[in-house]
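Input: a single structure, listed below in structure tokens.
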2 protein chains.
Amino acid sequence: MADSAKPVSKRDSRREAAVAVEETQAVQLGELSDLLGYVLKRAQLKVFEDFLRCVAPLQLTPAQFSVLLLLDANPGRNQTEIANTLGILRPNFVSLLDSLESRELCTRVRSANDRRSHILMLTEKGKGVLARAKKLVVSKHEARLNELLGPDGREALLAMLTKIAEEF
Amino acid sequence: MADSAKPVSKRDSRREAAVAVEETQAVQLGELSDLLGYVLKRAQLKVFEDFLRCVAPLQLTPAQFSVLLLLDANPGRNQTEIANTLGILRPNFVSLLDSLESRELCTRVRSANDRRSHILMLTEKGKGVLARAKKLVVSKHEARLNELLGPDGREALLAMLTKIAEEF
DNA sequence: CCGTGTTTGGTATGGTGGATAACAATTATC
DNA sequence: GATAATTGTTATCCACCATACCAAACACGG
């Protein structure tokens, strides 16, 4: 019992730990590394983080980018339709749109047919920003994923995730 | 111009749209379906949703389950260590632990070596709940994923996500 | 032994996303 | 024309994340 009294310095006792292996060793993930949900969320956070970095010059979040993409591909739709396809609840979609509109990236236009609904359209500035954002996403963000997984790996990953998103 | 005045019923005019295809047709996802981040998040939400369903009898969230798993695999660790490995900030980890401790699933024990830190341990009840949760996760949650992707598909998915989570 | 700096758990607080209730204006339905 | 449904919106609430700060306890250099 040479070191029963001495509390054993907690910082740098990775010398010859006499009694037991109990020092600054990594926490074991254990079965957590096999939990698909856990790894899935971790990966998602990383991907979003990188997305934000890559598209930072344009100050666009993933959600904002997805709205611009949808407006470009679906001109003439109203807020409810766009929000629904993105899985965003209408009340929460309002402020999102407010920010985009205040930056003059899109506009709400009262529909002539149904004066309740707002037709959403990209402005010219919005189209420009979207085009530049697309280039950044493809050339930086997705390119890095391609580099990490390989083109076919990325394809396979996308296919499986799509399957989960749609059929699970 | 037979229907220029009539506003064309918005609900069920999926008959013969005379003028243009402008009715209740699905919003096009467009390039969004190729955005890995988008599909990744969608899939993650679905998986978490299913996790909650499967483990609902035990009232455990993914985060709570991951804590129990880590405590089981790493007895004798303190809050900072557990929180760090889960990517949870210490302040936010407090209430999480509070809820687990109030349900008597784990306990905080003052360390004898370092009276600042709290050693975290599963209670017997906690071990029981964890064991039952594991069974539910494996037999219901992960089983469903296996069914959807196939065992090798699941393995491949897990491998790619792990790569992203660690190396991206 | 003592003073300085660091670590640990904790509180307070702000920001963001998601979810529900309710409402006025408008439209659909019968 | 009365009733029900829809659209955008506000107000709230809750969960999660992030930062600043604090007291207690520890580490370390003199």
Side-chain angles (χ1 to χ4, degrees), chain A residues 6-13 23-24 41-42 44-46 48-49 52 59-67 76-102 106-120, chain B residues 5-13 23-24 38 41-42 44-46 48-49 51-52 59-64 66-67 76-102 106-120:
Chain A
K6 184 176 44 163
V8 178
S9 160
K10 231 126 268 88
R11 195 42 49 203
D12 61 350
S13 52
E23 289 311 308
T24 317
K41 186 178 180 188
R42 270 287 159 93
Q44 186 258 319
L45 290 175
K46 280 284 185 107
F48 268 46
E49 196 180 307
L52 283 174
Q59 285 285 92
L60 284 181
T61 67
Q64 292 172 328
F65 179 71
S66 67
V67 170
R77 298 290 188 158
N78 64 22
Q79 296 185 199
T80 300
E81 290 170 316
I82 299 297
N84 279 343
T85 57
L86 287 177
I88 302 175
L89 294 172
R90 277 77 67 196
N92 300 329
F93 192 56
V94 174
S95 63
L96 210 179
L97 260 191
D98 284 347
S99 74
L100 290 179
E101 201 177 20
S102 72
C106 71
T107 49
R108 298 182 235 223
V109 183
R110 294 224 94 92
S111 167
N113 298 345
D114 186 340
R115 296 193 346 242
R116 289 170 299 182
S117 60
H118 291 168
I119 299 304
L120 300 179
Chain B
K6 182 176 45 163
V8 178
S9 161
K10 233 129 262 86
R11 195 39 51 201
D12 61 350
S13 52
E23 289 311 310
T24 319
Y38 176 74
K41 186 176 180 190
R42 271 286 160 94
Q44 186 259 317
L45 290 176
K46 280 284 185 109
F48 268 46
E49 195 180 308
F51 181 96
L52 283 174
Q59 283 286 91
L60 284 180
T61 67
Q64 292 172 327
S66 67
V67 171
R77 298 290 189 157
N78 63 23
Q79 297 185 198
T80 300
E81 292 171 315
I82 299 297
N84 279 344
T85 56
L86 286 177
I88 302 176
L89 295 172
R90 277 78 66 197
N92 301 328
F93 192 55
V94 174
S95 63
L96 211 178
L97 260 192
D98 284 346
S99 74
L100 290 179
E101 202 177 19
S102 72
C106 72
T107 49
R108 298 182 235 223
V109 183
R110 294 224 95 90
S111 167
N113 299 343
D114 187 340
R115 295 197 342 246
R116 290 172 297 184
S117 60
H118 292 169
I119 300 302
L120 300 180

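Only this structure's heavy atoms are used, side chains among them; waters, hydrogens and symmetry mates stay out. First the proteins, then the strands, lettered A, B, ... as listed; each starts at 1.
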Nearest-nucleotide comparison on DNA chain C, the residue closer to the 5′ end among A/S111 and B/N78: B/N78
Integer-rounded Å distance: D/dT10 P and A/Q79 CD: 10 Å
Set of ring pair (Phe, Tyr, Trp, His ring centres under 6.0 Å) partners for B/Y38, sequence neighbours left out: none
Gap between atoms CZ and C1', on B/F93 and D/dA15 respectively (whole Å): 17 Å
Heavy-atom closest contact (B/R110 atom, B/H118 atom, distance): NH2-NE2, 3.1 Å
Whole-Å distance separating the CD atom of A/E49 from the P atom of D/dC17: 13 Å
Separation of atom CZ in B/R110 from atom C1' in D/dC26, rounded to whole Å: 13 Å
Any A/T80 side-chain nitrogen or oxygen under 4.0 Å from OP1 or OP2 of D/dG8: yes
Contact pattern, 5' to 3', of nucleotides 12-24 of chain C - B, S or - by protein heavy atom under 4.0 Å: B-----BBBB---
Taking every non-hydrogen atom, the tightest pair across B/Q64 and B/S99: NE2-OG, 3.5 Å
Which nucleotide in C/dT26, C/dG9, D/dT7 has an atom nearest any side-chain atom of A/S117: D/dT7
Touch class at under 4.0 angstrom, heavy-atom based, for B/R90 against every strand present: nothing
Closest to the B/H118 side chain, choosing from C/dT27, C/dG9, D/dT9: C/dG9
Results of side-chain hydrogen bond (donor to acceptor under 3.5 Å, both in side chains) for B/E101 - residues two or more places apart only: B/R108
Residues that B/F93 engages under side chain to side chain contact (heavy atoms under 4.5 Å, CB included), provided they are two or more places apart: B/V67, B/Q79, B/I82, B/A83, B/I88, B/L96, B/L97, B/L120
Rounded distance (Å) that lies between atom P of C/dT7 and atom CG of B/D114: 12 Å
Quick test: give all pairs of protein nitrogen or oxygen and nucleotides 2-6 of chain C nitrogen or oxygen below 3.5 Å, distance rounded to 0.1 Å.
none

Flag side-chain contact, heavy atom, 4.5 Å: B/L52 against B/E49: no
Contacts of A/S111 that satisfy side chain to side chain contact (heavy atoms under 4.5 Å, CB included) - sequence neighbours left out: A/N113, A/D114, A/S117, A/I119
Within-4.5 Å side-chain heavy-atom neighbours: B/S66 and B/T61: no
Residue pairs involving residues 86-97 of chain B (criterion side-chain hydrogen bond (donor to acceptor under 3.5 Å, both in side chains); sequence neighbours excluded): B/N84-B/R90
Rounded distance in Å - CZ (B/R77) to P (C/dG9): 12 Å
Whole-Å gap separating C1' (C/dG10) and CG (B/L96): 15 Å
Length of the line joining B/N113:CG and C/dT7:P, which is rounded to integer Å: 18 Å
